[in-house]
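The block underneath contains the structure these notes are about, expressed in structure tokens.
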Amino acid sequence: MAYNFTAIEKKWQQYWLENKTFAALDPADAGGMSKAFILDMFPYPSGSGLHVGHPEGYTATDIISRHLRMKGVNVLHPMGWDAFGLPAEQYAIKTNTHPRQSTERNIENFRRQIQMLGLSYDWDREVDTTDPEYYRWTQWIFLQLFNSYFDPIDQKAKPIKHLLQELMNQNLVVAPDGSVVLNPTQEGMESIAGEMRIERLWRELPPDEQRDVLDAQRLAYMDEVPVNWCPGLGTVLSNEEVIDGKSEVGGFAVERRPMRQWMLRITAYADRLLADLDALQWPESLKEMQRNWIGKSVGAEVDFEIDGPDDHAVTVFTTRPDTLYGATYMVLAPEHPLVEQITTPPQREAVESYRKTVASRSDRERMADGKQKTGVFTGAHAINPVNDEKIPVYIADYVLMGYGTGAIMAVPAHDERDFEFAKANNLPIRPVVKPADGSTPPADRAFVGEGIAINSDLINDLPTQQAKEKIIAILDGESAAHRSVQYKLRDWLFSRQRYWGEPFPILLDTEGRAVAIDESELPLRLPEMADFKPTGTPEPPLSKALDWLTVKRDGRTYTRETNTMPQWAGSCWYYLRYIDPHNKDRLVDREKERYWMPVDLYVGGVEHAVLHLLYARFWHKVLFDLGHVSSNEPFARLVNQGLILGQTEYHIFQTADGSPVSASEVRDIGEENTGSGIQLIALHKTSGEKLIGHRLEEDEIEKSSDGYVLRGNPAIRVDARSFKMSKSRGNVVNPDHIVRDYGADCFRLYEMYMGPLEAQKPWNTRDIVGMARFLNSVWRNLVGDEESADAPSPAGAAVRISDGPTPDALDRQMHRTIKKVGEDITTLRFNTAIAELIKLNNEMGKLDDMPRELAENFTLLLAPFAPHIAEEIWQRLGHHKSLARRPWPTFNESKLAESTLQLPVQVNGKLRDKITVPADADQQTILAAASESEKVKPWLTGKTIRKQLYVPGKLVNFVVG
RNA sequence: GCCGAGGUGGCGAAAUUGGCAGACGCGCCGGUCUUAGGAGCCGGUGGAGAAAUCCGUAGGGGUUCAAGUCCCCUCCUCGGCACCA
């Protein structure tokens with residue numbers, strides 16, 4: 001009979017909650033215990049509830065946490081809700097409820113679902129990003145950003161007051177473009193006689209300009225920038241939230257338009273965000289994604305004079321200054337400000353019309369064109385500083401205003417894009433680098449590799465690296481070039497035109513300049529609004545909260561900032577709040593922060609690689625610079641759990657007239673959303689005809705030598721694959737149903753047994769029964785065959801426990817299992833740990849009565865994986881308290897090995913027999929026994945034994961010839 | 001195109017430093033118990049072959065007494081980036 005998991009699981013979940021079994025100790029109470037901060041990426045509580053992907057990571061960290069507690073570690077394992085933001089708000093609008101109501105309801109549901117899994121969270125530390133007591137600190141951190149600037153010399157954030165001081169005491173001055181620079185006269189670089197000082201001293205600036213200069217230096221600043229406006233969502237999005245020109249949430253179209261928005265100066269941290277990745281224990285692929293996103297390129301900026309009476313010059317950025325002699329033309333981004341001034345009258349019309357065309361095209365259209373390079377001649381010529389050659393200046397949309405200087409020198413011989421443009425416009429292609437190995441590069445494309453400089457006068461015969469150095473040095477001497485580093489990373493667009501987010505703690509004066517509200521006024525609460533829907537224009541919904549909007553202060557009138565913060569704000573620092581969730585005075589107590597940080601293990605999905613994880617690292621570094629936290633990086637070790645896919649599906653492809661096409665004749669398989677659902681589509685490999693996929697049942701297919709084929713028609717290969725779970729595909733598995741049918745312990749075991757945590761793997765409900773059988777067998781072996789756990793049996797009464805010794809072989813297996821399970825938990829290999837427990841249980845089932853030591857150790861080993869049944873058995877073994885902090889079993893080194901060895905015997909590397917020898921037999925004995933084996937002998941007779949190998953404990957191999 | 005990860009039975013997957021390929025689970029086959037089994041228990045299960053034996057870790061080559069594991073080439077799948085100069 002199956003054990004009653006429903007009753008047992010409810011009983012222990014209640015026990016854990018009531019007894020606060022998993023409360024983490026504050027450092028003052030922890031004594032000499034070591035600590036572990038085990039963190040899950042907290043979910044946003046969507047309306048559709050938990051999904052089987054969530055519990056995968058949660059169960060993994062739960063096993064780790066339970067194991068560590070049993071090892072005497074003080075474990076901080078919290079859970080909370082990332083409840084602001086678009087998904088929650090979209091759901092609220094769709095269901096026509098106030099986001100607060102739907103958020104509360106969704107949180108209730110998520111909490112219920114998470115608690116039904118028996119996860120060992122310290123629920124007294126639950127955080128909710130939409131709680132004013134939480135977001136007051138999100139706003140507080142924003143004020144820190146607003147009141148700080150980045151000091152480029154020390155490479156760190158400092159209070160803006162410090163900058164003001166440096167300006168007032170004239171260490172710093174204001175450059176003509178409004179930027180702040182070192183005072184040249186303070187640097188010992190007295191200005192040359194007769195040359196006018198172009199920088200201005202702070203006191204020379206009018207008050208309004210002083211404010212503008214200071215505001216432009218803040219880590220949180222307002223700027224008019226081209227943003228990703230998403231009409232479908234009624235808000236702007238950050239670069240990180242736009243995938244292939246569409247919004248990550250909802251997949252709506254995104255257009256570029258200039259808007260005045262809050263920006264966070266993450267670019268100042270680009271170098272540190274990049275450099276500090278190296279020391280982190282994160283998956284290499286994820287670090288690589290962050291590196292790519294930051295996109296550091298080292299090169300040079302080179303000035304090209306424009307030929308003509310005016311004094312124009314264009315600065316280009318290049319990573320290959322060694323190819324300067326190969327520059328045969330120049331390209332400016334169509335939006336480049338100099339285009340206007342250098343275009344010659346005859347070309348004006350063509351240039352204007354091209355600029356218009358470009359402006360009207362979306363990024364998506366530009367991308368769709370792929371390699372088709374377009375552009376027009378401006379009529380102007382630039383002078384190459386290395387050889388005074390005049391080269392034509394073009395504008396083309398393959399050069400982006402947002403990267404580098406918005407202008408390039410084009411070297412078609414050594415750059416693919418320049419090559420294509422040159423081909424299309426009949427421009428000269430001049431090779432200036434030859435391959436170092438003497439080979440001839442193909443003529444039909446650019447040679448982009450490094451090599452040896454040729455046709456390059458001053459740098460001829462130099463290898464690429466040296467050529468770069470030398471040419472920069474020469475041009476630097478003439479003030480025509482300097483070393484330069486560029487990043488792909490852009491500043492973080494931080495405004496959203498939505499209701500459900502943190503309000504900015506900012507007032508705007510009549511000129512639109514920002515004034516921070518005082519810390520004592522935090523939290524600035526979201527106004528209650530009946531109509532919180534987007535306005536459909538860039539005007540945020542908060543602009544409709546008229547009695548909230550206007551503030552009078554010191555006789556002046558201010559307007560509140562009506563944008564709200566993006567979803568990522570609350571999740572940038574939530575891990576810190578768990579440490580000290582109820583602190584009214586600080587975001588986190590200093591001593592507690594020092595004790596718990598950094599996070600020892602952080603588990604979550606890879607989808608946050610360049611969003612949450614980059615943003616959170618940035619905020620953490622700012623807080624670190626300003627002295628609010630003690631660690632430079634928040635997450636020491638990070639693991640991505642693999643996606644759980646839906647059950648494997650089989651499809652047959654058909655042409656429009658219904659005839660089947662073998663999957664081997666098909667290319668470009670993709671998905672298409674027809675109104676009625678998602679359909680698999682593909683193209684015919686040879687004809688290019690569009691094919692439609694049709695779902696097949698398992699009894700319609702059969703396995704052939706290579707892959708699945710249509711039953712009865714083996715010529716037709718069938719496509720077999722697993723898809724991401726999604727509502728529109730209808731392959732979502734609801735954890736509620738699995739827990740109802742099999743119990744939480746079984747569900748947890750199945751999720752961990754599917755495969756390695758980090759691998760992507762298909763769900764298969766049919767496989768769950770294996771774990772159910774295992775748990776039932778454990779129950780039978782340790783408790784007995786009674787009907788159920790309903791009747792409160794006296795502790796110990798039903799258990800078939802003996803005080804006799806464990807049989808030797810089983811005792812040894814137990815010690816090996818203790819070792820293996822402990823190691824596997826530490827290395828996150830839960831699947832093999834469970835396999836080991838199953839093996840031990842299978843052996844235990846053969847016993848007539850159960851030795852107590854074995855029973856207890858097994859129960860403790862099982863506990864992190866299946867905690868409810870383990871607690872119940874533990875109690876029935878006669879214990880009165882939870883096993884949550886019982887010592888983890890230890891193994892005895894001397895018990896790990898068997899007393900006899902079974903050794904394979906090979907002849908010329910092929911297995912011929914296995915012999916059994918005492919574990920302590922010496923080499924001579926073993927080789928003798930091996931050569932005596934009846935199965936081995938025939939392979940040796942008549943041959944000379946050239947070599948006898950014995951790998952201790954592993955195998956014997958005779959090499960004969 | 002570039003970067004990263006991967007390819008092992010019918011399926012999910014195991015396999016320290018190169019050392020018995022396929023642990024463990026599902027499924028399947030046979031047996032047993034049963035009024036019954038979608039429960040339990042016992043046994044079998046990579047392929048071919050009556051057997052001896054041979055063949056097997058995407059494909060091809062190499063190193064080695066010995067290769068899933070190391071080296072070279074090719075193919076395929078998944079993920080990320082994608083005019084970033």
Side-chain angles (χ1 to χ4, degrees), chain A residues 1-2 243-244 283-289 291-293 295-297 299 316-320 323 331 366-367 369-373 396-400 402-411 414-418 420-421 486-489 606-607 609-610 642-643 645 648 698 702-703 705-706 708 720-722 749-750 753-756 758-764 766-771 773-774 776-777 780 785 823 829 831-839 842 845 902-911 913-914 938 946-949 951 953-961:
Chain A
M1 280 299 131
I243 310 284
D244 289 341
E284 201 45 48
S285 60
L286 190 140
K287 289 199 213 179
E288 203 53 33
M289 280 163 75
R291 288 190 192 109
N292 289 340
W293 193 261
K296 181 179 183 174
S297 318
V316 303
F317 173 72
T318 176
T319 55
R320 291 295 298 272
T323 61
V331 186
R366 269 166 85 151
M367 274 189 292
D369 283 354
K371 296 217 175 240
Q372 277 298 335
K373 299 272 179 297
D397 68 353
Y398 81 90
V399 172
L400 309 173
Y403 184 78
T405 59
I408 61 158
M409 61 171 202
V411 185
H414 305 293
D415 181 282
E416 296 284 2
R417 296 149 300 180
D418 297 344
E420 281 155 24
F421 189 81
Q486 296 290 334
Y487 298 94
K488 235 162 74 174
L489 182 70
V606 73
E607 65 273 19
V610 292
L643 205 61
L645 302 172
T648 306
E698 258 175 88
E702 61 190 2
K703 175 82 186 170
S705 56
D706 49 359
Y708 291 99
R721 65 178 62 207
S722 309
L749 279 174
Y750 172 66
Y753 195 66
M754 288 168 76
E758 291 163 83
Q760 187 172 100
K761 40 209 173 271
W763 179 270
N764 190 358
R766 202 170 56 182
D767 283 346
I768 299 176
V769 69
M771 294 301 108
R773 284 178 193 154
F774 167 56
N776 281 324
S777 163
R780 256 196 326 274
D785 230 347
E823 286 172 354
R829 298 179 334 164
N831 51 337
T832 49
I834 294 168
E836 214 61 23
L837 289 169
I838 293 172
K839 276 198 303 201
N842 287 347
Q902 218 197 18
L903 286 179
V905 180
Q906 299 179 342
V907 179
N908 285 348
K910 281 192 190 289
L911 180 70
D913 195 12
K914 293 177 185 184
R946 297 189 193 282
K947 212 175 193 179
Q948 306 186 40
L949 284 128
V951 184
K954 293 283 185 196
L955 53 55
V956 174
N957 189 9
F958 295 111
V959 185
V960 301

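To find a chain, count down the sequence lines: A is the first, B the second, and so on, and within it residues start at 1.
Regarding the sugar-base torsion, B:G9 falls in the syn class, its angle being within 90° of 0.
The OH atom of A:Y753 sits 4.0 Å away from the CD1 atom of A:I838 when rounded to the nearest 0.5 Å. A distance of 10.0 Å separates CG of A:L286 from CZ of A:R291, quoted to the nearest 0.5 Å. Atom CE in A:M754 sits 8.5 Å away from atom CG in A:D767 (nearest 0.5 Å).
For the pair A:E758 CD and B:G12 C1', the interatomic distance rounds to 18 Å; values are reported in whole Å. Rounding to whole angstrom units, OH of residue A:Y487 and P of B:C81 are separated by 21 Å. Atom CZ in A:F774 sits roughly 14 Å away from atom P in B:G40 (whole-Å rounding). Distance CG (A:L286) to C1' (B:C3): 14 Å, rounded to an integer number of Å. Between the P atom of B:A85 and the CZ atom of A:F317 lies a distance of 7 Å, rounded to the nearest Å. Protein atom NZ of A:K761 is 10 Å distant from nucleotide atom P of B:A14, rounded to whole Å. Atom CG in A:L400 sits about 7 Å away from atom P in B:C83, given to the nearest Å. As rounded to whole Å, 10 Å separates atom P of B:A13 from atom CG of A:L645.
Taking A:S285 as the reference, A:P283 meet the side-chain contact (heavy atoms from CB on, under 4.5 Å) condition, with sequence neighbours excluded.
Side-chain proximity of A:K910 to B:C65, B:G25, B:C55: nearest is B:C55. Among the nucleotides B:G80, B:A66, B:G12, the one closest to any side-chain atom of A:Y753 is B:G12. Listed nucleotides B:A85, B:C83, B:C65 differ in distance to A:D397; the shortest reach to its side chain belongs to B:C83. Checking B:C78, B:C83, B:G12 against the side-chain heavy atoms of A:R721 singles out B:C78 as nearest. Listed nucleotides B:C20, B:A85, B:A82 differ in distance to A:W293; the shortest reach to its side chain belongs to B:A82. Nearest to the side-chain atoms of A:D415 among the listed nucleotides B:A85, B:C24, B:A13 stands B:A85. With B:A13, B:U16, B:A85 as the choices, the nucleotide that has an atom nearest any side-chain atom of A:P762 turns out to be B:A13. Looking at the side chain of A:S285, the nearest of the listed nucleotides B:G19, B:G4, B:C26 is B:G4. Minimum atom distance to the side chain of A:I408 is reached by B:A85, of the listed B:G12, B:C78, B:A85. Distance from the side chain of A:E288 is smallest to B:C3 among B:C3, B:G80, B:A14.
Counting only heavy atoms from C-beta outward, the side chains of A:W763 and A:I768 approach each other to under 4.5 Å. Between A:L955 and A:V905, the closest side-chain pair of non-hydrogen atoms is not below 4.5 Å. No side-chain heavy atom of A:Q486 sits under 4.5 Å from any side-chain heavy atom of A:T319. Put simply, the side chain of A:Y403 does not reach to within 4.5 Å of the side chain of A:T405, judged on heavy atoms. Counting only heavy atoms from C-beta outward, the side chains of A:D418 and A:I408 approach each other to under 4.5 Å. The shortest distance between side-chain heavy atoms of A:D415 and A:R320 does not fall below 4.5 Å.
Checking the phosphate oxygens (OP1, OP2) of B:A14, a side-chain nitrogen or oxygen of A:N831 falls inside 4.0 Å. A sub-4.0 Å separation between OP1 or OP2 of B:G25 and a side-chain N or O of A:N842 is present. In this structure, A:R780 reaches the B:C41 phosphate: one of its side-chain N or O atoms is under 4.0 Å from OP1 or OP2. For B:A85, the OP1/OP2 oxygens have a side-chain nitrogen or oxygen of A:Y403 closer than 4.0 Å. Proximity of A:R773 to the phosphate of B:G27: a side-chain N or O atom is located under 4.0 Å from OP1 or OP2. When the side-chain nitrogen and oxygen atoms of A:S297 are compared with OP1 and OP2 of B:A85, one or more of them lie within a distance under 4.0 Å. OP1 and OP2 of B:C3 both lie 4.0 Å or more from every side-chain N or O belonging to A:K287. Here A:R829 reaches the OP1 or OP2 of B:A15: one of its side-chain N or O atoms lies under 4.0 Å away. The shortest distance between the side-chain N/O atoms of A:R766 and the OP1/OP2 oxygens of B:G38 is not below 4.0 Å.
If you check every strand for non-hydrogen atoms under 4.0 Å, A:K839 touches sugar and phosphate atoms only. Residue contacts for A:K488: at a heavy-atom cut-off of 4.0 Å it reaches a base atom on one of the strands shown. In this structure, A:R946 reaches neither bases nor backbone, as no heavy-atom distance under 4.0 Å exists between it and the strands shown. Residue-level contact check: A:Q760 touches the backbone only, with heavy atoms under 4.0 Å from sugar-phosphate atoms and none from bases. Counting non-hydrogen atoms under 4.0 angstrom, A:P756 reaches the backbone sugars and phosphates but no base. In this structure, A:N764 reaches neither bases nor backbone, as no heavy-atom distance under 4.0 Å exists between it and the strands shown. Contacts of A:V411 with the nucleic acid, taken as non-hydrogen atoms under 4.0 Å apart, are absent.
When the P atom is compared between B:G30 and B:A39, the two are found 15 Å apart, to the nearest whole Å. Only the C1' atoms considered, B:G47 is 14 Å distant from B:A21, to the nearest whole Å. Taking the P atoms as reference points, B:G10 lies 29 Å from B:A5, given to the whole Å. Going from the P atom of B:G56 to that of B:C73 covers 24 Å, rounded to whole Å. Here the separation of B:G68 from B:C83, taken at their P atoms, is 43 Å to the nearest Å. Separation of the P atoms belonging to B:G12 and B:C78 is 15 Å when rounded to the nearest angstrom. Comparing B:A50 with B:U32, their C1' atoms are spaced 29 Å from each other, to the whole Å. A distance of about 15 Å separates the P atoms of B:A52 and B:G46, rounded to the whole Å.
One cannot find a donor-acceptor pair under 3.5 Å joining the base of B:C20 and the side-chain atoms of A:K954. For A:K947 against B:C65, no side-chain N or O and base N or O form a donor-acceptor pair under 3.5 Å.
Counting only Watson-Crick and G-U wobble pairs whose two distances sit under 3.5 Å, RNA chain B takes part in these stems of three or more pairs: B:1-7 with B:75-81, B:10-12 with B:24-26, B:27-32 with B:40-45, B:46-48 with B:53-55, B:58-62 with B:70-74.
Residue A:V331 comes nearest to A:A410 through the heavy atom pair CG2-CB, 4.4 Å, listed as atom of the first residue, atom of the second, then distance.
A:F421 does not carry A:K373 over the face of its six-membered ring by the limits of under 6.0 Å from the centre and within 45° of the normal.
Nearer the 5' end of RNA chain B, as judged by each residue's closest nucleotide, is the contact made by A:Q902, out of A:D418 and A:Q902.
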